[in-house]
Number of protein chains: 2
Amino acid sequence: MVGSGDGVISQKTKYALRALLALAESDGAHPLRIRDIAGSRAIPRKFLEAILLELKAGGLVASFRGKNGGYVLAKPAEEISLADVMRRIDGPIAPLPCVSRRFYSRCADCSGDADCAFRDAFDQAHAANLRVLEATTIARLCALENEADTAQGRCDAKAAPDCQVSGKRLG
Amino acid sequence: MVGSGDGVISQKTKYALRALLALAESDGAHPLRIRDIAGSRAIPRKFLEAILLELKAGGLVASFRGKNGGYVLAKPAEEISLADVMRRIDGPIAPLPCVSRRFYSRCADCSGDADCAFRDAFDQAHAANLRVLEATTIARLCALENEADTAQGRCDAKAAPDCQVSGKRLG
DNA sequence: TGAAATCTCTACCGATTTGGTAGACAAATA
DNA sequence: TATTTGTCTACCAAATCGGTAGAGATTTCA
């Protein structure tokens with residue numbers, strides 16, 4: 001079933017972003033417990049444990065153990081971009097390894113055949129994509145979220161108005 | 001292993017693009033046989049059969065059976081974009097279903113939680129990505145490929161010069 | 001010195017997707 | 001009718017995705 005389309009952002013990345021938003025919105029004085037983040041953001045607890053460990057390994061969050069322990073952001077929310085999170089959780093963002101900024105490697109089968117012709121196009125597309133992803137920070141998302149909340153109506157009010165909800169549109 | 005990175009373009013899409021390039025480069029008078037495309041472009045034959053059927057279902061190629069049969073492009077190479085091929089083979093390009101132009105649907109878990117804040121950013125990134133992918137046609141890829149070929153040195157000569165080949169760069 | 005609370009680590013698990021392969025079948029052509 | 005081509009149904013192994021279980025290590029507090 002080709003078109004069922006969960007899209008390309010993994011569940012894991014969505015959970016990671018939600019967790020980071022939760023941390024960014026907390027006062028930062030007290031660490032947030034895994035259990036509380038999981039509870040408030042609807043994330044499976046054990047899964048979140050693993051995700052936070054990855055984020056910690058990537059230097060995005062820090063943790064404390066024992067009573068009063070928990071997680072905090074390891075740097076200002078302004079310095080964590082969407083691209084940072086995606087790369088840490090799902091690996092390279094580039095569509096082809098030979099076009100990757102951070103994880104460059106030669107395409108295994110690129111020599112002597114037609115793949116090379118694709119490279120340039122994918123490189124441009126990737127660059128355009130990345131510009132947005134690098135420019136968007138957790139802080140910015142946080143602001144957007146609060147905006148939406150106080151203007152109430154929450155998420156649904158912002159759904160693209162020209163998109164039909166029923167079924168798929170193949171045009 | 002998060003960074004091993006084959007990238008996001010599936011093998012299947014790469015094969016599809018190679019096959020389309022082969023068809024675009026043939027004179028168009030005689031159909032190309034699956035076997036010949038597979039041979040000249042290093043694509044597993046049986047796998048290519050399935051791919052061509054999908055492209056046919058999508059109206060990108062046409063076929064003839066029996067002796068002298070084979071495949072041809074169903075429309076001018078100028079009218080087949082990278083985005084067309086990717087969508088036909090791998091489904092929606094959008095990172096989130098609620099941001100998709102062709103396959104819109106509401107995110108399952110978007111109501112009342114933080115996902116909404118992501119939407120806007122991913123929407124912009126996707127739009128930027130799509131602009132390039134829609135603008136790049138098979139004809140253009142074909143031209144690029146020939147350019148590279150006649151300037152000889154083939155692919156490898158075009159590899160990004162500022163990228164080290166050895167190992168991964170984590171910066 | 002515990003005991004409790006918290007993060008950490010290793011191991012597993014079922015479902016789905018990816019990248020294929022095998023083989024019978026159908027339609028053209030000569 | 002024999003041959004040559006595409007078409008269709010069914011598999012298959014390996015990897016990935018989304019998660020779970022449970023023991024272990026640290027810190028704090030009484």
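Any value given below was found using the heavy atoms of this structure, including those in side chains, with hydrogens, waters and symmetry copies removed. Residue numbers start from 1 in every chain, and the chains themselves are labelled A, B, ... in the order their sequence lines are given, proteins ahead of strands.
At D/dT7, one or more side-chain N or O atoms of B/Ser63 fall inside 4.0 Å of OP1 or OP2 (strictly under the cut-off). At the phosphate of C/dT6, OP1 or OP2 sits under 4.0 Å from a side-chain N or O atom of A/Arg35.
Contacts of A/Glu79 classified as salt bridge (charged side-chain N to carboxylate O under 4.0 Å, His left out), with partners at least two apart in sequence or in another chain: none. By the side chain to side chain donor-acceptor pair (under 3.5 Å) test, B/Glu78 is found to be paired with no residue, residues two or more places apart in sequence or in another chain being considered. Taking the side chain to side chain donor-acceptor pair (under 3.5 Å) definition, one finds that B/Arg33 meets it with B/Asp36, sequence neighbours left out. Scanning for side chain to side chain donor-acceptor pair (under 3.5 Å) contacts around A/Ser81 gives A/Asp84, with sequence neighbours left out. In this structure A/Thr137 satisfies the side chain to side chain donor-acceptor pair (under 3.5 Å) test with no other residue, sequence neighbours excluded.
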Could you run through nucleotides 25-30 of chain C and give me one letter per nucleotide, 5' to 3': B if any protein heavy atom sits under 4.0 Å from the base, S if only the sugar-phosphate is that close, - if neither?
-BSBSS
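The side chain of B/Ser10 has C/dG19 as its nearest neighbour among C/dC9, C/dT6, C/dG19.
Under a 3.5 Å cut-off, the side chain of A/Asn129 and the backbone N or O of B/Asn129 do not form any donor-acceptor pair. Checking side-chain atoms of B/Ser100 against main-chain N and O of B/Pro97 turns up no donor-acceptor pair under 3.5 Å.
Rounded to whole angstrom, the span from the CD1 atom of A/Ile89 across to the P atom of D/dG18 amounts to 11 Å. With rounding to whole Å, A/Phe64 atom CZ is found 12 Å from C/dC7 atom C1'. Regarding B/Leu52, its CG atom lies at a distance of 12 Å from the C1' atom of D/dT7, rounded to whole Å. The CG atom of B/Leu48 sits 15 Å away from the P atom of D/dT5 (whole-angstrom rounding). The distance from atom CD of A/Glu54 to atom P of C/dC9 is 12 Å, rounded to the nearest whole Å. Distance, A/Ile43 CD1 to D/dG18 C1': 13 Å, rounded to whole Å. Distance NE2 (A/His30) to P (C/dT6): 14 Å, rounded to an integer number of Å. Rounded to an integer number of Å, the gap from CD1 of B/Ile34 to P of D/dT4 is 16 Å.
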Throw together a table of side-chain donor-acceptor distances under 3.5 angstrom for residues 42-49 of chain B, partners on residues two or more places apart or in other chains.
unit_1  : atom_1 : unit_2  : atom_2 : d
B/Lys46 : NZ     : B/Glu49 : OE1    : 3.2

Identify each donor-acceptor pair in which a side-chain atom of residues 67-77 of chain A lies under 3.5 Å from a protein atom, sequence neighbours left out, and give them as a table.
none

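Summary of the strand contacts: A/Lys12 and B/Leu53 both lie near DNA chain D, and taking for each the nucleotide with the nearest heavy atom, the more 5' one is attributed to B/Leu53.
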Report all interatomic pairs (protein N or O, nucleotide N or O of nucleotides 20-23 of chain C) with separations under 3.5 Å.
unit_1 : atom_1 : unit_2  : atom_2 : d
C/dG20 : OP2    : B/Tyr15 : OH     : 2.9
C/dG23 : O6     : B/Lys46 : NZ     : 2.4

